Protein chains: 4
Amino acid sequence: MEDRTNRPEPEAPKTRRIKPAEVRLDELMSAAEQLFLAKGVDSTPINDIVALAGVAKGTFYHYFASKNELLAAMRARYTAQFLNRLETSMSHCEADDWLGKLAAWIRETIEAYAETYRLHDIVYTNHHHHNRSNPDKNAMLDQLQAMLEDGTRSGAWTVAQPRITALLIYAGVHGATDDLIASQEADHQAFIRGVIADCLRLVGVEENPA
Amino acid sequence: MEDRTNRPEPEAPKTRRIKPAEVRLDELMSAAEQLFLAKGVDSTPINDIVALAGVAKGTFYHYFASKNELLAAMRARYTAQFLNRLETSMSHCEADDWLGKLAAWIRETIEAYAETYRLHDIVYTNHHHHNRSNPDKNAMLDQLQAMLEDGTRSGAWTVAQPRITALLIYAGVHGATDDLIASQEADHQAFIRGVIADCLRLVGVEENPA
Amino acid sequence: MEDRTNRPEPEAPKTRRIKPAEVRLDELMSAAEQLFLAKGVDSTPINDIVALAGVAKGTFYHYFASKNELLAAMRARYTAQFLNRLETSMSHCEADDWLGKLAAWIRETIEAYAETYRLHDIVYTNHHHHNRSNPDKNAMLDQLQAMLEDGTRSGAWTVAQPRITALLIYAGVHGATDDLIASQEADHQAFIRGVIADCLRLVGVEENPA
Amino acid sequence: MEDRTNRPEPEAPKTRRIKPAEVRLDELMSAAEQLFLAKGVDSTPINDIVALAGVAKGTFYHYFASKNELLAAMRARYTAQFLNRLETSMSHCEADDWLGKLAAWIRETIEAYAETYRLHDIVYTNHHHHNRSNPDKNAMLDQLQAMLEDGTRSGAWTVAQPRITALLIYAGVHGATDDLIASQEADHQAFIRGVIADCLRLVGVEENPA
DNA sequence: CATGAATGAGCCTTCATTCAT
DNA sequence: GATGAATGAAGGCTCATTCAT
């Protein structure tokens with residue numbers, strides 16, 4: 001039964017602070033995020049996370065069943081924030097300004113992704129699930145596809161196969177941004193304009209060269 | 001004593017076969033591929049690889065400095081084969097049939113990727129290097145970008161920013177194919193046609209609906 | 001948050017029911033018994049016990065100072081019930097029917113042990129105390145030894161060294177029953193008759209083969 | 001892939017001595033035996049075992065797949081030695097001296113068990129397998145049963161149900177010896193004589209009180 | 001009486017890599 | 001070239017127990 005009674009007398013009583021679960025969760029996830037960013041997931045032991053969060057190791061396992069569940073929670077949080085940025089950005093366009101919304105979607109995706117790609121890599125590099133059929137990514141994809149369909153209905157553009165076009169835009173913009181990131185170019189504006197131009201072509205809108 | 005029998009087996013085959021390096025390399029990589037596919041990279045110890053290849057553990061380290069170098073070699077092999085498929089497919093088009101070449105590139109990328117995505121994941125899921133600025137992927141990207149530029153020069157289409165358009169096509173096609181894979185749809189033809197149609201639009205070619 | 005959901009459930013029943021200690025004790029012991037039987041002692045955390053019993057973890061420690069004390073309580077309960085069965089069985093014999101009492105003791109020991117051996121193993125497999133000099137077992141041994149001495153005084157049999165003979169019968173019957181259990185033989189009667197015959201011989205009573 | 005390359009330069013080269021598997025196995029098992037006897041199985045980490053055996057921790061797992069397998073190997077070794085003692089002891093009797101052999105079996109069982117019961121407890125207290133239908137114990141039981149049958153055929157005694165009688169003797173002698181051990185009586189001779197006397201009665205041999 | 005968040009010591013196991021033969 | 005015994009750093013996870021509320 002593994003007698004664990006031989007405990008040395010506690011030197012410092014180590015004030016045991018009880019905090020709301022919400023706060024603990026956030027502290028743990030933030031500590032993990034910081035360390036994962038600095039040293040990588042595999043090189044960050046749970047020990048370091050709890051040390052930075054200022055809790056005992058058992059507390060970590062009180063909130064997360066495993067390191068992978070922590071990653072899953074971070075992934076959900078990351079995606080929610082990403083989606084939020086996109087929606088906020090698009091909300092500044094008039095309701096019927098479909099071209100503006102699409103441009104905002106692209107611009108914000110590029111900016112947000114370029115800012116957060118390191119965290120993106122951390123939460124999405126999952127050894128056990130593939131990117132394919134990822135529920136979180138699907139949320140963003142569905143958002144984009146819905147926009148393409150709405151725009152088609154409104155006559156803003158013509159998209160015959162909204163799913164495929166949404167996929168091309170979604171994956172294309174992310175993949176292109178990977179190249180932007182790799183280029184280390186500080187000014188993103190030219191790149192963004194270029195991507196928007198191509199995507200407009202893709203939905204059948206030719207910009208007037210004026 | 002890799003099977004952890006606590007009795008040494010008195011009868012060991014002990015035949016020390018010397019084979020050409022080329023053969024050993026291939027046997028080791030194929031054994032690794034098989035096991036990586038079956039159990040994942042992290043869950044496949046070198047022990048298992050050498051056991052399947054029928055060599056001693058030390059032999060592995062004669063040929064690969066580390067497990068990561070094995071992965072790098074597998075990655076190079078994978079990419080070379082992939083590129084090869086693309087080139088073979090495009091070589092069936094007339095030299096000036098740019099639309100045909102682009103369609104072939106897309107079609108073959110989708111087919112090849114759908115067939116080999118599991119191996120793709122294995123060799124490209126590298127915890128230490130990001131997809132961004134990956135030399136192997138760049139080879140394919142450059143190939144595509146060159147084609148877009150050549151086609152523009154020949155008047156087959158007009159692509160104002162070949163780098164960006166190549167990125168969108170490259171990443172878009174792969175990302176869209178991830179969705180095809182996830183859908184488990186057996187017939188790829190409709191999907192392929194849809195992607196080609198969108199990509200043609202992207203390079204400024206409107207298909208005649210004839 | 002014992003199920004390790006990383007979202008606190010807003011709706012918790014939170015009904016703090018106060019029950020008589022006796023009931024709580026019983027509920028905890030029964031929950032433990034069920035889980036110990038199903039998964040083993042070492043693989044059953046206190047968490048699971050309290051969850052099944054429907055109380056908080058701290059409540060467990062109100063009633064038992066430790067997991068080991070729970071086991072001790074279960075052991076006492078087990079032994080008391082076992083002794084009870086033996087006494088009830090023997091009470092059906094006439095006061096001076098020593099052979100009948102001995103046979104009843106053996107028969108009931110075999111039946112009871114065969115029925116409850118799994119619980120027996122749980123409460124008696126104690127990593128820290130050995131079977132040797134176990135106070136609970138001693139109660140049964142003393143009961144048997146007293147019977148042997150009484151029967152000798154009454155001339156029912158002759159047992160020169162009651163302690164040794166009691167030990168042989170006690171341990172022998174249990175050990176033999178282990179074999180019966182292992183054999184999975186459903187009909188115990190032949191076995192019981194065989195054991196009784198041997199034990200009678202042991203106390204110097206030759207059965208007439210009539 | 002858990003880069004384990006960040007290894008600090010080795011201070012002491014720690015001469016790596018290769019020994020025959022047989023020797024390593026024995027050193028590991030003997031180190032374990034010593035520590036298990038001193039501190040108990042659960043309180044002895046593998047670390048301590050390898051430290052005492054003078055090998056690296058990995059070496060332990062080179063020879064035993066788990067701590068439990070070590071225990072299994074120790075159990076097999078224990079039983080083999082025990083059986084050996086019994087056979088050696090009986091071999092000193094004349095081939096047809098069945099009473100002598102039975103007495104030798106009992107005497108040696110008691111002596112050997114009293115000497116080694118602590119190790120017996122260690123190797124037989126298995127959390128996962130029950131004593132019932134234990135292959136190692138069966139070897140001794142079969143040995144005893146065969147002897148009873150041979151003796152019956154030779155007319156040395158009459159045992160109607162050799163399996164049951166063997167079980168009673170086997171389990172009875174061990175259980176009785178547990179009591180001897182608990183009593184801490186240094187002189188075992190009286191006890192041994194008493195047990196032998198009872199067992200002879202059990203096989204139908206009345207000693208002449210001369 | 002009852003709660004359950006928090007504690008933290010502890011250990012088994014894995015496996016990439018080395019090197020004496 | 002080939003072998004495989006030996007190395008040893010590293011970390012995820014469990015769970016009995018405590019105690020502030």
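Letters A, B, ... mirror the listed sequences (proteins, then strands); counts begin at 1. The figures that follow rest on heavy atoms only: side chains count, while hydrogens, waters and symmetry mates do not. Being a predicted model, the structure only gives us computed values, none of them experimental.
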Practice task
Could you tell me the separation between the CZ atom of Phe64(B) and the C1' atom of dT18(E), rounded to a whole number of Å?
Solution key: 18 Å
Handout entry: Between dG12(F) (C1') and Asp48(A) (CG): distance, integer Å
Key = 13 Å
Handout entry: Any donor-acceptor N/O pair under 3.5 Å between dG11(F) base and Lys57(A) side chain
Key = no
Completion exercise
Under a 4.0 Å heavy-atom cutoff, the residues of residues 32-39 of chain A touching DNA chain F are none
Handout entry: Those residues that, when tested against Thr79(A), pass side chain to side chain donor-acceptor pair (under 3.5 Å) (two or more places apart)
Key = Tyr124(A)
Exercise for the section: Locate the shortest heavy-atom distance separating Ile49(A) from Leu28(A); write the atom from each residue and the value. Expected result: CG2-O, 3.9 Å
Exercise for the section: For Phe60(D) and for Pro45(B), find the nucleotide of DNA chain E with the closest heavy atom, then tell me which residue's nucleotide is more 5'. Expected result: Phe60(D)
Exercise for the section: Please examine the side chains of Ile122(C) and Leu71(C), heavy atoms only from C-beta on, and report whether any two atoms are closer than 4.5 Å. Expected result: yes
Fill in the blank from the handout: Among dA16(F), dA5(E), dT3(E), the one nearest any side-chain atom of Lys67(C) is dA16(F)
Fill in the blank from the handout: When rounded to whole Å, the CZ to P distance for the pair Arg24(C) and dA2(E) reads 5 Å
Exercise for the section: Measure the distance from CD on Glu27(B) to P on dA2(F) and round it to the nearest whole Å. Expected result: 11 Å
Exercise for the section: Could you name each residue pair satisfying salt bridge (charged side-chain N to carboxylate O under 4.0 Å, His left out) that touches residues 49-63 of chain D, not counting sequence neighbours? Expected result: none
Completion exercise
With sequence neighbours left out, the residues meeting side-chain contact (heavy atoms from CB on, under 4.5 Å) with Ala72(C) are Arg75(C)
Problem - Between dA16(E) (P) and Glu69(B) (CD): distance, integer Å - result: 15 Å
Practice task
Send over the distance from Asn47(B) CG to dT7(F) P, rounded to a whole Å.
Solution key: 16 Å
Practice task
Could you list the residues that satisfy side chain to side chain donor-acceptor pair (under 3.5 Å) with Thr59(B), not counting sequence neighbours?
Solution key: none
Handout entry: Pairs where residues 27-39 of chain C contributes a residue and the test side-chain hydrogen bond (donor to acceptor under 3.5 Å, both in side chains) is met, not counting sequence neighbours
Key = Lys19(C)-Glu27(C), Glu33(C)-Arg77(C), Lys39(C)-Asp48(C)
Exercise for the section: Give every residue pair that meets the ring pair (Phe, Tyr, Trp, His ring centres under 6.0 Å) criterion with at least one member in residues 40-70 of chain B, sequence neighbours excluded. Expected result: Phe60(B)-Phe64(B)
Practice task
Taking Watson-Crick and G-U wobble pairs with both distances under 3.5 Å, convert DNA chain F into its dot-bracket string, 5' to 3', dots for unpaired and | for cross-strand pairs.
Solution key: .||||||||||||||||||||
Practice task
Calculate the interatomic distance between Asp42(D) atom CG and dC15(F) atom C1'; express it in whole Å.
Solution key: 14 Å
Practice task
Please determine, for the side chain of Tyr63(C), which listed nucleotide (dT3(E), dA2(E), dT14(E)) has the closest atom?
Solution key: dA2(E)
Problem - Atom-pair distance (NZ on Lys19(A); P on dC19(F)), nearest Å - result: 20 Å
Practice task
Describe the nucleic acid contact of Val55(C) in one word from base, sugar-phosphate, nothing, applying a heavy-atom distance below 4.0 Å.
Solution key: sugar-phosphate
Practice task
Please figure out whether Thr44(A) or Gly54(B) has its closest DNA chain F nucleotide nearer the 5' end.
Solution key: Gly54(B)
Fill in the blank from the handout: Testing dA16(F), dT13(E), dT3(F) for proximity to the side chain of Thr59(B), the answer is dT3(F)
Problem - With sequence neighbours excluded, residues passing side chain to side chain donor-acceptor pair (under 3.5 Å) with Thr116(A) - result: Tyr78(A)
Handout entry: Least distance between heavy atoms, Pro45(A) atom then Ser43(A) atom
Key = CD-O, 3.4 Å
Handout entry: base_contact_polar (dA2(F) base, His62(B) side chain, donor-acceptor, <3.5 Å)
Key = yes
Practice task
Specify the residue among Ile46(B) and Ser66(D) whose closest nucleotide of DNA chain E lies further upstream toward the 5′ end.
Solution key: Ser66(D)
